[in-house]
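First up is the structure itself, then whatever we jot down about it.
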There are 2 protein chains.
Amino acid sequence: MSTKPKPHPQQNHLLAALAPDVQARLFPHLELVPLPLRSLMYESGRTMRHVYFPTDAIVSLQYIMENGASTAILVVGNEGLLGISLFMGGQGTPSRSIVQSAGHAYRLPRPKVKEEFNRHGQLLLLMLRYTQALITQVAQTAVCNRHHSIDQQLCRWLLLSMDRLSHNQLTMTQEFIGNMLGVRREGVTQAALKLQQQGVISYSRGLIKVLDRDKLEALSCECYGVVKKETEILLPYLPQRQVIKDVAAIPVVTLPTL
Amino acid sequence: MSTKPKPHPQQNHLLAALAPDVQARLFPHLELVPLPLRSLMYESGRTMRHVYFPTDAIVSLQYIMENGASTAILVVGNEGLLGISLFMGGQGTPSRSIVQSAGHAYRLPRPKVKEEFNRHGQLLLLMLRYTQALITQVAQTAVCNRHHSIDQQLCRWLLLSMDRLSHNQLTMTQEFIGNMLGVRREGVTQAALKLQQQGVISYSRGLIKVLDRDKLEALSCECYGVVKKETEILLPYLPQRQVIKDVAAIPVVTLPTL
DNA sequence: CAACTTCTGTGCGATACCGCACACAAGATT
DNA sequence: AATCTTGTGTGCGGTATCGCACAGAAGTTG
């Protein structure tokens, strides 16, 4: 086992934006959870027991149809959280959450979330704001699914993923992207080929490198920009505070295999 | 002017579900607003000043693309409310709200909503639960747009509208439905023809009558059922209470022309 | 009644995407 | 090296939907 440095809770923008006293209250109850590539964090019908705040992982939320077809409706990274039903009032959602880029998340158990909800403090306000941004993303996905080509949607998808990473490499096959966009793998192949020929990306066997981000944005549909702009209005980036010193004291948890 | 009986606040399920003391506190601050067919209740970029609780009107929320194409992502009737951004934390949303079936709504001004939010009472809990149901509807719309035929989506649309009416007649042209579904008018014509030939609906010049609701459900995609089921879990129907006696005392407001 | 507007029906070629089948290429396993 | 698995490229016919053009039908207005 190597001793890689633990990710810090402040890598998650929502946690980072909290006032020092709120951080001091909450952080002792956080648990660090490694999120391996392609692991399932949630499956329809189950009950979520934690809210997850990703630090360096990306999670996709997808709906599965009766015939097995699927579509991703949302991408969550360190700008957000997973498990809104815990404070919105439901037990779960008819969706599935899959780790799209390996990393970690800090999680807060349900009772603590409830406690914080009742306290009616800063965390609740942030969670609700994030939820509103989330709705925008889902809605724009609906519009995009209706009106835009696979080419455009692939660009949007790559950008959504890029924004939540600190580097420019994505680990996902065209088959996987097809599942996320709800289109055929061959359709993704065609679109990816065009992008590669234009020098926007390069890829091989599940490893995609983004070479020209500006061009990618230019080739994407407006949906990416609309959501980004709206999110920035709702969740303006707040300077990270440094409060916790002893990250090492936070326990590490292993997700049960699903 | 005729003296039709005013709709009662309790016709809105969320208001009806409130405890008597909450109703007593809130209802004096409600205003009745007539919602004429096709009027615009909200347009992207504006600031919403009220939360609207429809009693007998239906409102559609749509996103407009740069090229003018549009798609409805949500239908709101007496089961819900309009203006979630007022308590979720934003100023507005990049969407447009149009009255799809004439009727009325009671509205609560922003300061009162805020007050109620801070009180952290039953109304907030209900609004959040409704918001979660709303997310499910938007997400399912995204999936539906990706995977289902115009035929199926027309059925879903008719059912969504039917559920929010007390009768079986819809006043909307095929052109209008096309705008809502984000498809061509001709596509709607084809789908509607099939339904009429099967005796499921009959229609003429903007007036649609649903003749066989069961068949409509059978012909619809699963999306309708998924959302309905999820909504029923989140917002089980609560018996209506009768508290307010003097409905006539509630002021009637006219929406500014947009 | 005539003229006009609105709504609905229909035809036709173009296009995007699908489903399927298969070939090939890059790693992984033995 | 031989084999196997996984990921990617390609071709082909089928289908849903589009964009456009136009015709007819049902109300509306003058």
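All values below were derived from every heavy atom in this structure, side-chain atoms included, with hydrogens, water molecules and symmetry-related copies excluded. Naming: A, B, ... by sequence-line order, numbering from 1 per chain. The structure displayed is predicted, hence computed values, not measured ones.
When the side-chain nitrogen and oxygen atoms of B/Y203 are compared with OP1 and OP2 of D/dA25, none of them lie within a distance under 4.0 Å. In this model, the phosphate group of C/dG27 is not approached by any side-chain N or O of A/R205 to a distance below 4.0 Å at OP1 or OP2. Contact annotation: B/S204 reaches the phosphate of D/dG27 (side-chain N/O to OP1 or OP2, under 4.0 Å). Between B/Q174 and the phosphate of C/dG9, there is a side-chain N or O to OP1/OP2 separation shorter than 4.0 Å.
Going from atom CG of A/L207 over to atom C1' of C/dA25 covers 17 Å, rounded to whole Å. With rounding to whole Å, B/K194 atom NZ is found 16 Å from C/dT8 atom C1'. Remark: P of D/dT17 and CZ of A/R146 are 8 Å apart, rounded to the nearest angstrom. If you take NE2 of B/H147 and P of D/dT17, they are 14 Å apart, rounded to a whole angstrom. Distance, B/H148 NE2 to C/dC18 P: 14 Å, rounded to whole Å. As a whole-Å value, the separation of A/N145 CG from C/dC17 P is 12 Å. Counting to the nearest Å, the C1' atom of D/dT8 and the CE atom of A/M172 are 17 Å from each other. Rounded to an integer number of Å, the gap from CG of B/L154 to C1' of C/dT8 is 14 Å.
One can find a donor-acceptor pair under 3.5 Å joining the base of C/dC20 and the side-chain atoms of A/E186. In terms of polar N and O atoms assigned as donor or acceptor, the side chain of B/R185 never comes within less than 3.5 Å of the base of D/dG19 in a complementary pairing.
A cation-pi arrangement is found for A/R38 relative to A/F176, the charged atom lying closer than 6.0 Å to the ring centre and inside a 45° cone about the ring normal.
Atom NZ of A/K194 sits about 12.0 Å away from atom OG1 of A/T189, to the nearest 0.5 Å.
Within the nucleic acid shown, A/G187 has no heavy atom closer than 4.0 Å to any nucleic acid atom.
Under the 3.5 Å distance criterion, with hydrogens and angles disregarded, no donor-acceptor pair is assigned to the side chains of A/H8 and A/T55. With no hydrogens or angles considered, a side-chain donor-acceptor pair links B/Y52 and B/R107 at under 3.5 Å. With 3.5 Å as the limit, one finds a donor-acceptor pair spanning the side chains of B/Q62 and B/R96.
The residue among B/E175 and B/R184 whose nearest nucleotide of DNA chain C lies closer to the 5′ end is B/E175. Residues A/S149 and B/Q190 each lie close to DNA chain C; by heavy-atom proximity, the contact nearer the 5' end of the strand is made by B/Q190.
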